[in-house]
Each structure stands twice: as structure tokens, then as C-alpha cells.
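Worksheet: the structure to be examined is printed underneath.
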There are 2 protein chains.
Amino acid sequence: MGKQIDIGRVLANLPLFQQLREGEIANLAAGTREIGLGKGRILFQKGTLLEGFYVVVRGQIKLAFTSPQGNEKVVSLVGPGQSFGEAVMFMERPCPVMAQALEDSRLLHIAKQGIFAAIDHDSAFARRLLAGLSMRLHGLIQDVENYSLRSSTQRVIGFLLQLAGTPGSGSVIFELPASKHVIASRLNLTPETLSRILHSLIESGLITVHGRRIVVQEMARLSQFDDLPHPPCAKGG
Amino acid sequence: MGKQIDIGRVLANLPLFQQLREGEIANLAAGTREIGLGKGRILFQKGTLLEGFYVVVRGQIKLAFTSPQGNEKVVSLVGPGQSFGEAVMFMERPCPVMAQALEDSRLLHIAKQGIFAAIDHDSAFARRLLAGLSMRLHGLIQDVENYSLRSSTQRVIGFLLQLAGTPGSGSVIFELPASKHVIASRLNLTPETLSRILHSLIESGLITVHGRRIVVQEMARLSQFDDLPHPPCAKGG
DNA sequence: TCGGGAACTTGATGTAAATCAAGGCACGAT
DNA sequence: ATCGTGCCTTGATTTACATCAAGTTCCCGA
């Protein structure tokens, strides 16, 4: 079923390109190529120079780095409608991470030439790009905050609450966006630790788990869950 | 000696504003105010909405977040000529970190209005902003990489090598940009651990330390230093 | 229906770094 | 001199999480 994609239409529906004029969409589309990527295939390795950025149309892409010892750390999971690689494109430096398809995926590659032209013609577009990069930066800061001053349990809870979305209390059901192995890496945990934490949340009656399907019994209670046996006392700054 | 600052001149010398035309510099300067901040004073708390961004003229600013338990994590140390807060300004969301002066400091606050005007008039300026944010994003990714898959010793070595600058081998001398307490937090370590690591580097003859003054005896040897008693074996992905 | 393997769980053990607890040491005020 | 008061170091102990090592369960293909 190699359904042909209407590149212009897909581009026009991306939040980033919303208010762009037709001529500019066409211009972008001219520099855009479609990429199919089978599950497990690597799109680019760490160190690559990017001549544009990518939009996920279908499937899921994992961004990760690998340590000299061969361990792997997932930085980001990118799903349909989301994009990646903009920052690397603007920096004109080797990409700090690798990109790999977690499922059979379909991507668009948008050449930087068209993006720069759109920036020149439409300063509102430039602002949207700036806002987009800023949001991404904000997400990374949150990651740093999570890694450096939250416990593993708190990180898992935060992740679940984020997936659950609606901050209103009550019970919510949803699916993990990837295998537990990948989720664990994203949260800077080993699969074993993630398994144990989920187990303890289940035992506390806060959630139930069937495969990737999670039911949060009550958001409010989950967000207040505190694990620490010896709460360390605050120190004035 | 409250020497008055020529705001226009300072702005024109910032890398970010290099090729801006005089009229635009004047426009920016009109929306810019000067801020003096005594050592230890807090510029803004986490959660503040920023109506512009800041440039450090003199002194040093620490960006950090605090955990509910009162612990503090330094995200960034900002020195003369560097700026911060752009991303928060573009996002129009509460700032995720707090900002505090580590020394008596002098800052400029540049209103977003002027920045947006400059973006509208000069797409090259927009591109420079995009590149700047991209670089910052890159720095954060490096931080995440360091925190999540480097040991504490490797983080310290990486930090020292970065301060030492010139990748050419040989001996280099420099000063730590802040107290060891602050450096430790920036590297996600306790002061005790940093002290022990520096001690072990000294014992290995790789560096010498007198207060904040560091001498790296030989860059090459320091960068190769490996501490791990049981190097874990690689696992294929 | 069966078999094989990936994904996940569970338990025992190990360890890097944090925490707790005293000291040294410099430097400025009295 | 002397007394403090931060800043840093050093040592003993604890701990959260990783690692190692078996099991389960589930799923998919033959």
C-alpha cells in the first residue's frame, strides 16, 4: 500500500507552517523529500551534518546517544506531527545524537534552503521557529531537573502524569508510547528498576498495568505519592 | 564609581547584535534598562514571566533550580558578554529556573518589543537568534549526556578540559569560574565528592590545585585518565 | 498445537556517590 | 595575637540504584 503523500498538504497541516502563504508552502515542498524507514533502521548516526530537518508523518523515531562503553541513552521519542533536527540544522555542527526508527516510519526531510527563504519572507514564521526551539529547550531543562534532583520513582510518576494529560483528578487510561526498555532509558533507569517501581505503584493501588496499557486510578493520589523513607530536611539557601 | 554605561555601545559589541544597523541598535537601546545587582541578590525566582532577556555586562549570574526538599542545582553560570532568558521570553511561559548574582554584577535588560521589531526588520538577526538558541540547546544536550552516561570523575575531567580550552597538549593554567561548592552543583556532585575527585587527580600527578587556581600538567594525559576498576562490557543495540 | 525468542519480572549482590560528622585552614575583624 | 566564620577537606557509614542471574509470560510463526 505505498500510498503517495501529498507533501504540500502534510506541510500545511504542521503547526509550524500554519500561517504560511501558499507560495511559501510550495517553495518548501519543492525542497522536501519523503523518506520511508523500516523498524530498527538508523536514519543518521551521531556526528552527521544535517542539511535540513525531519518531520514524522507516521511511525516513531528515537533520538539517543551511546556511551563509549556501548550503553545507550534515549533523549527523545518523536511521533507523528512532530519534528526534529532543527537546532542541528541552524547550528551547522555535527549532530550530537543518532536517530533510529522504533516502528516502520514515514518521514519528510525539509531542506534548510526553503526554511531560510521562509524566514526571510515571513518574520512571523521566524518567531514561530524561535518559540518552537524555546519549547524544546524548556523540555531539556525539565529533563535536567528530573535527572538531577528527582528520585527514580518521582521520575516515573512524572512521566505517567504527563502521559495521562488532563490534570483533572480521577482515573485515566492510556498506553506507553514505547517498550518498557525504551521508556526506562528515556527516564535514565534500567528496565529492572522501572519494573520494580511500576510494581510498587501497583501494590500501592495507584495504577494497574497490562502490557503497555496503564490505568491511573487517581491522578491526585499518584501525584502526591511519596516514597522517601527518610525525608531529608530542607537547608536554607 | 557609578560609571554610566553607554548602552548603545555595549549592545553593539554583543555578538548577537553585530551586524544590526544603527537605527535598530538605537531602537533596542530605547527599550533597554540597566540593572545593578549585589552579590547574593536574586534577580528573579523560578516561575517569573520575563518581558525581555538579560545580558551580563560585569559580574556573574547563576541559573539554578531548587527541589521541594530545598536542594539546589546550578544549571548555568553566565559571565560578561553572555546573555540568558531569551528562550523564556519567546515561550511566554514561567521561567523554569531562578537567577542569582554570585558577585556584584551589572546587567542589561532588553525588552522583547525591540527584539521582535529587529526580527521583523532583519531576517539575518532572526537567524542569529535561531543559531544562538540552537547552540544553547546543544549545550543542554551535552549536559544530559554527561549526567546520564559519564561517571563523576569523567564529568570533572570534561569540565576541566573545557576550561583549559586549547585542545593542544601540554600544561595549562586557569581559574575555576566559581567556588568549588557551585562548581560541584553545576557538575551534579556534592562538594565532598568533587574534593575527593580533585584529590585523586592530584595524586595521579595530572593536575595541581591552589584555591581556585588549577594547573593541568598535560592535557592529553588528563583526557585519557580512566578511573573505572571494572570497565563494563559493551552490549550491542 | 507446539516451540522459540523477545520482553518483562524477580531476587541476590555489588558499588558509586551521598550523607553524616569532624576537623583543618585561610582571612578579616577585634 | 585571638577569635570567628566561611570554605574546603577527610573519614566512616548509608543508600539508591545498577548489575548479575534466573525465571516468567507473551506472542508469533511453523
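Nothing here was measured: the structure is a model prediction, and the numbers come from that model. Naming convention: chains lettered A, B, ... in sequence-line order (proteins, then strands); numbering from 1 in each chain.
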(message) Rounded to whole Å, please give me the gap between CZ in B:Arg155 and P in C:dA16.
(response) 13 Å
(request) Could you check how far CD of B:Glu203 sits from C1' of D:dT9, rounded to whole Å? (result) 13 Å
(request) Write down the distance between NZ (A:Lys180) and P (D:dC26), rounded to a whole number of angstrom. (result) 11 Å
(message) Measure CG/B:Asn188 against C1'/D:dA16 and give the value in whole Å, please.
(response) 15 Å
(message) Output the rounded distance in Å from CG (A:Asn71) to C1' (D:dC20).
(response) 15 Å
(request) To the nearest Å, give me how far apart NE2 (B:His181) and P (C:dA26) are. (result) 21 Å
(message) As an exercise, state the distance from CZ of B:Phe174 to CD of B:Gln162, rounded to the nearest 0.5 Å.
(response) 10.5 Å
(message) So, OP1 or OP2 of C:dC8: does either fall under 4.0 Å of a side-chain N or O from A:Ser195?
(response) no
(message) Parallel, tilted or perpendicular: which one describes the rings of A:Phe44 and A:Phe84, with boundaries at 30° and 60°?
(response) tilted
(message) What contact category does B:Thr190 fall into here, base, sugar-phosphate, or nothing, at under 4.0 angstrom with non-hydrogen atoms?
(response) base
(message) Would you say B:Thr193 places a side-chain N or O within less than 4.0 Å of OP1 or OP2 belonging to C:dA18?
(response) yes
(request) Calculate, to the nearest 0.5 Å, the distance between atoms NE2 and CG belonging to A:His109 and A:Leu43 respectively. (result) 8.5 Å
(message) From the set C:dA17, C:dT19, D:dC17, return the single nucleotide nearest to any side-chain atom of B:Ser152.
(response) C:dA17
(request) Nearest 0.5 Å please: distance from the CD1 atom of A:Ile202 over to the CD1 atom of A:Ile207. (result) 5.0 Å
(request) Can you measure from CG (A:Leu187) to OG1 (A:Thr153) and round to the nearest 0.5 angstrom? (result) 11.0 Å
(request) Rounded to the nearest angstrom, tell me the gap between atom CG in A:Leu176 and atom C1' in C:dC8. (result) 12 Å
(request) Verify the contact: side-chain N or O of B:His199 to OP1 or OP2 of D:dT10, cut-off strictly under 4.0 Å; return yes or no. (result) yes
(request) Between B:Ser179 and B:Arg196, just flag the one whose closest nucleotide in DNA chain D comes earlier from the 5' side. (result) B:Ser179
(message) Measure CZ/A:Arg212 against C1'/D:dC27 and give the value in whole Å, please.
(response) 13 Å
(request) Pick base, sugar-phosphate or nothing for A:Leu189, based on heavy-atom distances below 4.0 Å to the nucleic acid. (result) sugar-phosphate
